[in-house]
Amino acid sequence: MRSSWADSVTNSAADTAAAGSSANNGAGSTSRPARTSYVPPHLRNRPPSSEPPAPAHSGTSVSNDRPGYGVPPSGNRWGGPRSDLGRSGFGGGGRLGGGGGGSGWNNRAGGWDRGKEREANPFGDDVDAEPAFNEQENTGINFDAYEDIPVETSGENVPPPVNTFAEIDLGEALNQNIKRCKYVKPTPVQRHAIPISLAGRDLMACAQTGSGKTAAFCFPIISGIMNGQFAQRPHGARTVYPLALILSPTRELSCQIHEEARKFSYQTGVRVVVAYGGAPINQQLRDLERGVDILVATPGRLVDLLERARVSLQMIRYLALDEADRMLDMGFEPQIRKIVEQMDMPPRGVRQTMLFSATFPKEIQRLASDFLSNYIFLAVGRVGSSTDLIVQRVEFVLESDKRSHLMDLLHAQRANGTHGKQALTLVFVETKKGADSLEHWLCMNGFPATTIHGDRTQQEREQALRSFKSGNTPILVATDVAARGLDIPHVAHVVNFDLPNDIDDYVHRIGRTGRAGKTGLATAFFNENNSSLARALSELMQEANQEVPAWLSRYAARSSYGGGRNRRTGGRFGGRDFRRDAAAAFSRGGGGTDYYGGNISSGGAYGSNPGGYGGAYTSAWD
DNA sequence: AAAAAAT
């Protein structure tokens with residue numbers, strides 16, 4: 001069984017600690033001479049690590065002029081005092097070794113290519129060979145618009161945002177990977193969320209679809225694991241002890257997060273493993289046995305692994321829930337509660353918990369606060385900006401006319417040339433059966449389509465997604481399994497063939513287009529059956545400066561409050577900390593009392609609407 | 001009522 005980097009550094013850390021330089025309570029501080037110490041079986045057979053475990057950014061300047069908010073000596077919850085209140089001793093105390101030798105993280109490939117195997121290059125061979133087409137991919141984000149993003153934060157002592165990756169001391173290896181990913185500047189959610197996470201704080205973050213949330217929680221986790229000193233994880237038996245857990249609601253999303261996290265952690269020695277259902281468990285078990293620092297998983301398979309005692313959550317320092325509102329809704333909440341509260345995971349306040357989603361209904365926030373400790377709420381709206389970049393259309397289409405109407409759209413697209421490899425069409429339907437039958441019908445009518453839904457085998461699902469992404473099958477018919485999080489470049493058109501019942505689901509679905517600065521089109525087929533959505537939909541479209549058909553407004557006016565469980569309150573920028581409302585309710589109209597030290601900042605986007613989200617323009621995102 | 005998530 002191989003182990004991961006965090007284990008091996010702990011061994012070295014013990015040596016360093018013996019030299020008396022570490023303030024942290026790292027691994028056993030007994031003094032042992034280097035390398036003559038006991039080497040656990042899983043670490044034997046490795047060439048001795050001769051270089052000191054000195055971090056690249058050895059101790060030096062945090063290029064941040066705000067005292068008190070520098071990059072903390074990570075692992076702060078474990079290695080030192082909680083950093084969220086009165087912090088001290090930031091100057092890199094707790095960093096490993098004083099070796100000023102500037103040996104970078106990337107010098108120490110953490111056992112990866114020292115062993116038999118070499119870490120596969122997650123960037124592929126074509127990193128630099130990619131034509132300009134992909135070059136646009138990551139640089140195409142409309143950064144100018146970033147200056148105008150409304151941002152709301154609340155909570156105690158909110159660390160200020162950064163403007164560049166360089167301001168954050170993420171370490172050489174991670175910086176390299178950021179370059180390889182062609183990330184030039186942090187996105188707004190990254191600018192705010194990364195300093196918050198690096199400060200060790202719990203976080204509830206709302207940020208638009210396609211705005212870089214994955215990196216926002218991965219970077220601090222990876223950096224924390226690299227910098228942290230962790231007690232030697234138990235070994236033996238067949239149980240593994242990841243340091244970080246990332247949960248997501250669908251298998252494909254977990255895969256995607258895993259792929260991204262692998263890029264971010266390339267040559268850092270931090271090991272990322274994914275586990276999800278529908279796939280043979282044996283390969284996943286083998287992957288785990290080779291060592292895991294970050295485990296990405298769907299809930300069901302994780303519970304399975306926990307019950308088999310193949311995974312223990314005892315050493316979890318970081319817990320991230322992607323699509324957190326989904327993870328805590330009725331379908332998932334019991335499982336999540338079991339994983340987080342009834343297994344062996346350290347309690348909140350001990351681990352660091354981060355929740356991310358584009359939408360965060362108030363009642364889910366209330367639930368979520370069970371898992372958080374003194375957290376910061378962050379809402380970043382109108383990124384670059386998805387809603388602006390998505391043109392939303394609603395058409396009145398009778399149930400019986402939907403197919404022919406879709407056919408008209410597809411023919412028009414074909415005529416336009418907006419069809420094919422670089423203009424994919426994603427069609428959402430309500431049911432799995434409906435997905436199959438629509439797919440069949442499309443194929444019969446000369447439109448190559450495939451489908452993804454929960455009745456298909458995992459192999460079929462993944463094949464469908466690949467075929468769609470590659471443009472081989474430029475039409476994908478999907479249930480809500482594909483509504484959230486999936487990053488599929490070149491989706492030019494999202495068709496809500498059947499509208500969802502909940503406006504948040506609509507938000508996530510249309511967010512499959514208009515990503516990373518690209519424009520997109522979203523067309524919805526509306527009829528009587530959707531009248532409960534009319535009001536929320538029309539409000540949403542208004543907020544996004546979309547043209548609302550008169551007939552929809554009439555529906556909206558007629559229909560009672562609907563739009564699913566969470567009505568948007570007054571059409572404001574939805575990203576709002578429910579604690580504020582709660583506090584306001586308690587303080588009985590205190591109005592100005594900013595109990596939680598809230599802090600609203602915005603650029604020019606608001607124009608004459610100082611500090612408020614109550615104006616005509618707001619965002620869909622909550 | 002549907003979808004997702006373990007076997």
Side-chain angles (χ1 to χ4, degrees), chain A residues 245-258 273-285 287-288 295-311 313 321-340 342-343 357 359 364 399 402 426-439 451-462 464-465 476-486 496-509 512 525 527-533 562-565:
Chain A
L245 176 64
I246 300 173
L247 293 173
S248 96
T250 65
R251 298 161 181 176
E252 287 77 12
L253 185 52
S254 280
C255 286
Q256 178 183 303
I257 295 167
H258 173 241
V273 174
V274 67
Y276 56 89
I281 201 168
N282 282 334
Q283 181 58 44
Q284 292 172 8
L285 289 173
D287 288 345
L288 287 168
L295 177 58
V296 184
T298 49
R301 178 54 60 90
L302 176 62
V303 167
D304 189 6
L305 292 167
L306 291 169
E307 284 170 352
R308 293 177 190 223
R310 297 301 295 260
V311 171
L313 302 177
L321 302 192
D322 200 8
E323 308 297 343
D325 58 331
R326 179 81 182 80
M327 301 300 281
L328 295 174
D329 80 5
M330 288 198 320
F332 275 115
E333 193 248 0
Q335 257 180 316
I336 301 301
R337 210 171 268 285
K338 173 171 185 176
I339 292 167
V340 178
Q342 281 145 46
M343 307 304 285
S357 183
T359 55
I364 302 280
E399 213 60 43
K402 280 183 174 179
L426 179 52
V427 183
F428 282 103
V429 297
E430 194 63 17
T431 66
K432 296 179 277 196
K433 283 199 157 109
D436 280 335
S437 91
L438 183 58
E439 176 218 14
T451 183
I452 185 167
H453 60 70
D455 273 355
R456 305 200 80 194
T457 67
Q458 191 54 27
Q459 259 192 333
E460 290 169 329
R461 285 165 59 158
E462 285 171 24
L465 200 52
L476 179 65
V477 184
T479 60
D480 266 329
V481 70
R484 284 173 173 263
L486 295 186
N496 274 292
F497 188 90
D498 301 319
L499 273 164
N501 295 314
D502 190 300
I503 193 66
D504 284 346
D505 294 334
Y506 173 85
V507 167
H508 285 274
R509 285 178 177 191
R512 294 320 95 211
F525 296 175
N527 62 38
E528 291 284 349
N529 299 337
N530 311 114
S531 47
S532 69
L533 194 68
R565 49 190 209 283

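Note that the structure is predicted; figures quoted are calculated from it, not measured. Every chain is numbered from 1 and lettered A, B, ... according to where its sequence line falls, protein lines coming before strand lines. Values reported hereafter were calculated over all heavy atoms of this structure, with side chains retained and with hydrogens, waters and symmetry mates removed.
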Review point. Base, backbone or nothing for each nucleotide of nucleotides 1-7 of chain B, written B, S, -, heavy atoms under 4.0 angstrom, 5' to 3'?
Key: BSBBBBS

Practice item. Tell me, please, which residues at least two apart from A:Glu462 pass salt bridge (Lys or Arg N to Asp or Glu O under 4.0 Å). Key: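 With neighbours one apart ignored, the set is empty.
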
Review point. Going through the checks in order, is the salt bridge (Lys or Arg N to Asp or Glu O under 4.0 Å) test met by A:Asp504 and A:Arg326?
Key: CA-CA 10 Å; A:Asp504 284 346; A:Arg326 179 81 182 80; over 6 Å; no

**Study point:** Exercise: do A:Asp480 and A:His508 side chains pair donor with acceptor under 3.5 Å
**Key:**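 Side chains of A:Asp480 and A:His508: no pair found under 3.5 Å.
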
Check your understanding: Got a sec: does the CD of A:Gln459 have more than 12 other heavy atoms crowding it under 6.0 Å?
Key ->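 Not buried by this count: 12 neighbours or fewer within 6.0 Å.
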
Check your understanding: Below 4.0 angstrom, N of the basic side chain to O of the carboxylate: do A:Lys432 and A:Asp436 qualify?
Key ->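 Judged by the 4.0 Å cut-off on N to carboxylate O distance, A:Lys432 and A:Asp436 do not form a salt bridge.
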
